[in-house]
Asks: 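What follows is a single structure, and I will ask about it in a moment.
Whatever order the structure lists them in is the order used to number ligands and atoms, beginning at 1. All residue numbers refer to positions in the sequence shown, counting from 1.
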Amino acid sequence: MERNTRQRKAIHQCIEDAGRPLSPQELLEHAQGVVPGIGLATIYRNIKSMLEAGEITAVSLPGGGDRYELSGHAHHHHFHCRVCDRVYEVHACPGDMQKLAPEGFVLESHELTLYGLCSACRTIAS
Ligand SMILES: [Zn+2]
Ligand SMILES: [Zn+2]
């Protein structure tokens with residue numbers, strides 16, 4: 001298989017296996033197990049082309065670096081663990097938030113990020 005295709009497939013697979021959005025550093029750690037010697041520059045290059053192709057989507061969090069998830073997931077939200085800095089998918093949604101919008105405004109979409117401790121970090125903390 002062509003080298004670039006192999007790297008890209010590996011990165012795709014890493015995000016899929018993780019089941020949650022990954023930062024470039026996390027992607028590097030996961031991908032190294034599949035493609036020995038892969039470097040951060042390669043990760044960034046692939047992220048860029050995968051974003052352009054619409055294969056992955058950036059998850060931007062206030063005060064944090066971007067994470068990347070596979071595109072095409074149904075509407076969902078995220079949970080950011082403040083201890084391990086991992087981001088998880090949240091499949092629940094409070095639903096229509098039109099009532100939160102100011103009088104006369106039309107709501108078109110929303111984003112929601114929950115913050116706290118993931119179950120692993122909670123176990124360590126208690
Ligand atoms: Zn955690
Ligand atoms: Zn929602």
Asks: Answer with yes or no after comparing the ring centroid distance for His73 and His91 against a 6.0 Å cut-off, counting only values under it.
Replies: no
Asks: To the nearest 10 degrees, how large is the angle at the Zn ion (ligand 1) between Cys81 SG and Cys118 SG?
Replies: 120°
Asks: Using every non-hydrogen atom in the two residues, find where Cys118 and Cys81 come nearest and quote the distance to one decimal.
Replies: N-SG, 3.3 Å
Asks: How are the rings of Tyr88 and Phe79 set relative to one another: parallel (under 30°), tilted (30 to 60°) or perpendicular (over 60°)?
Replies: perpendicular
Asks: I'd like to verify the contacts: list protein N, O or S atoms under a distance of 2.8 Å from the Zn ion (ligand 2).
Replies: His75 NE2, His77 NE2, Cys93 SG, His110 NE2
Asks: Please evaluate residues His80 and Asp85 with respect to the criterion side-chain hydrogen bond (donor to acceptor under 3.5 Å, both in side chains), reporting the C-alpha separation (whole Å), side-chain torsions for both, the decisive distance (0.1 Å), and the verdict.
Replies: CA-CA 6 Å; His80 187 188; Asp85 204 32; 2.7 Å; yes
Asks: Going through the checks in order, is the salt bridge (Lys or Arg N to Asp or Glu O under 4.0 Å) test met by Arg20 and Glu26?
Replies: CA-CA 11 Å; Arg20 61 183 184 82; Glu26 287 176 319; 3.1 Å; yes
Asks: So His78 and Glu69, side-chain hydrogen bond (donor to acceptor under 3.5 Å, both in side chains) or not? Walk me through it.
Replies: CA-CA 11 Å; His78 297 103; Glu69 64 186 11; 3.0 Å; yes
